[in-house]
Amino acid sequence: MLEKQWNLSAEETLAASPQHEKNCKKLHITCSGTSARRRRMDSRQRVLGPKSSATPISATKPLRSILGPELLQNRLKGYVKGVVSEELLTHTEVLQLSKKIQVGLHVEEQKSRLKERLGCEPSDDQLALSLKMSRIDLQSTLIECSLARERLSMSNVRLVMSIAQRYDNMGAEMADLIQGGLIGLLCGIEKFDPSKGYKISTYVYWWIRQGVSRTLVENSRTLRLPTHLHERLGLIRNAKMRLEEKGITPSVNNIAASLNMSQKKVRNATEASSKVYSLDREVFPSLNGLPGATLHSFIADNHLENNPWHGVDIWALKDEVNNLISSSLREREREIIRLYYGLDSECLTWEDISKRIGLSRERVRQVGLVALEKLKHAARKRRLDAMLIKQ
């Protein structure tokens, strides 16, 4: 719209409305003939350097798409909206951009060393003085490095999307996989050495794959598993497929023998890969739309205080003990036993009981022991073994 709006000729006439067309004079408008967007693009290309090939992109040979139809269909939605670059760089352009990135990385490395030496963030003048260049050249170098990194990364977003598409439907969102692949792409671009003679796509492929794999490890499960355990699970999965193709049962022994791995490691890896289910998940699908029974309702509660029969047992035991004390002991013996064992919510020592009753401590202890033996004898006689005190 901007180009169509501002794409006027050097001298274009503006006519009046149709009603006053005959009476109005022609007004001459002079403009530059170039839109603001085109001027910005031209200045950006001058910063990055001239192109090595003068052939336009539309005239080049169309390349086969490496993206799936679903991803191409949704490329204008969500995460990849507006980030896929249609421009394909030549090898010469990649080398030029990589050299500019290496120069920028050298400047950043020099800045970090200068920061350690000074103990504070160095200014542009100090950094330019250490690099023996002017401040304007330093700023232009950093701008060229940033633009080169951006252009080189945008031209390889298709490769990131194609690699991330292979790990789709494995537990992680597609946007997270692409984000991890872009992080790996940026690391690969900074590590790329153009003097080796390799293509940048061949080098950054493994960095992108590593970033996507790490994202899959971190985001695919509710409980995160270590990276080495995911690698072991991949080996076990491939071993199962090979054994099934040969017609061999993929048991733990056969998998461990084919991988030259101990059975304990195979068993631990398979147990760790089990899925995690929520306790609020319904056991059976609801037919009438009402919430049904959940997994939490089928789990036994091991806490005795939550068991209603436990309270009934305690109440029955207290009732039997009270009946046994009332029928087997005399009044003084009942009082001493109740005070000593705290049956009336008050537990006292022999000394405190002796002061309350008015007897000596030794006499109170003797009466209490005799009363305890009477209770044991009565419990054996009534076959109440659960009430016998084992010493």
Side-chain angles (χ1 to χ4, degrees), residues 218 221-226 228-229 252 262-391:
E218 294 177 357
R221 297 179 180 273
T222 306
L223 301 178
R224 181 182 175 275
L225 297 179
H228 72 279
L229 195 56
V252 176
S262 63
Q263 299 180 8
K264 183 179 179 181
K265 290 184 178 181
V266 176
R267 192 176 295 106
N268 292 340
T270 52
E271 291 177 356
S273 63
S274 59
K275 295 183 179 179
V276 179
Y277 296 100
S278 174
L279 293 178
D280 296 330
R281 179 181 179 181
E282 294 185 358
V283 181
F284 304 103
S286 179
L287 300 179
N288 54 2
L290 299 177
T294 60
L295 294 176
H296 190 275
S297 59
F298 288 88
I299 298 177
D301 192 356
N302 297 325
H303 295 84
L304 295 177
E305 58 272 11
N306 296 331
N307 187 3
W309 291 106
H310 179 67
V312 175
D313 294 340
I314 294 177
W315 175 80
L317 182 61
K318 288 183 178 180
D319 187 55
E320 289 292 338
V321 169
N322 290 330
N323 294 335
L324 189 64
I325 291 175
S326 300
S327 61
S328 303
L329 302 180
R330 293 177 295 181
E331 182 179 359
R332 178 178 290 181
E333 294 175 342
R334 288 198 300 266
E335 185 180 3
I336 292 175
I337 290 296
R338 288 182 178 278
L339 291 175
Y340 184 74
Y341 289 99
L343 300 181
D344 295 332
S345 67
E346 187 180 9
C347 186
L348 302 178
T349 61
W350 299 124
E351 187 71 25
D352 296 335
I353 296 173
S354 64
K355 292 179 181 179
R356 178 173 296 187
I357 297 178
L359 299 177
S360 63
R361 178 185 177 278
E362 183 62 23
R363 181 56 184 166
V364 171
R365 188 182 68 84
Q366 292 176 0
V367 173
L369 294 178
V370 171
L372 185 60
E373 291 296 329
K374 288 182 180 181
L375 290 176
K376 289 182 180 181
H377 180 71
R380 292 191 190 97
K381 193 174 181 179
R382 296 185 182 184
R383 295 182 180 181
L384 300 176
D385 295 337
M387 300 180 183
L388 296 180
I389 301 176
K390 296 181 181 180
Q391 292 180 351

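Heavy-atom neighbours of Glu331 CD from other residues, nucleotides or ligands within 6.0 Å: at or below the threshold of 12.
Side-chain N or O atoms of Thr270 include one that pairs as donor or acceptor with a backbone N or O of Arg267 at under 3.5 Å. The backbone N or O of Trp350 sits nowhere less than 3.5 Å from a side-chain atom of Arg361 that would complete a donor-acceptor pair. For the pair Gln366 (side chain) and Arg363 (backbone), a donor-acceptor distance under 3.5 Å is absent.
When the side chain to side chain donor-acceptor pair (under 3.5 Å) test is applied to Glu346, the partners found at least two apart in sequence or on another chain are Arg356.
Here CD1 of Ile325 is found 15.0 Å from CZ of Arg330. Values are rounded to the nearest 0.5 Å. The distance from atom CD of Glu373 to atom NE2 of His377, rounded to the nearest 0.5 Å, is 10.5 Å. Between atom CD1 of residue Ile336 and atom CG of residue Leu369 there is a gap of 10.0 Å, rounded to the nearest 0.5 Å. Atom CD1 of Ile357 sits about 9.5 Å away from atom CG of Leu348, to the nearest 0.5 Å. To the nearest 0.5 Å, atoms OG (Ser328) and CZ (Arg334) are separated by 10.0 Å. Taken from CG in Leu343 to CD1 in Ile337, the straight-line distance is 8.0 Å, to the nearest 0.5 Å.
Side chains of Asn323 and Ser326: no donor on one and acceptor on the other come within 3.5 Å.
Within the structure, the salt bridge (Lys or Arg N to Asp or Glu O under 4.0 Å) test picks out no pair touching residues 277-294 (sequence neighbours left out).
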* To do: Check step by step if side-chain contact (heavy atoms from CB on, under 4.5 Å) holds for Leu324 and Lys374.
  => CA-CA 10 Å; Leu324 189 64; Lys374 288 182 180 181; over 6 Å; no
* Can you list the steps and then say if Leu279 with Thr294 is a side-chain contact (heavy atoms from CB on, under 4.5 Å)? -> CA-CA 7 Å; Leu279 293 178; Thr294 60; over 6 Å; no
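Nearest heavy-atom pair, Tyr341 versus Cys347, reported as atom, atom and distance to 0.1 Å: C-SG, 4.4 Å.
Using a cut-off of 4.0 Å between Lys/Arg side-chain N and Asp/Glu carboxylate O, Arg332 and Glu335 are scored as not salt-bridged.
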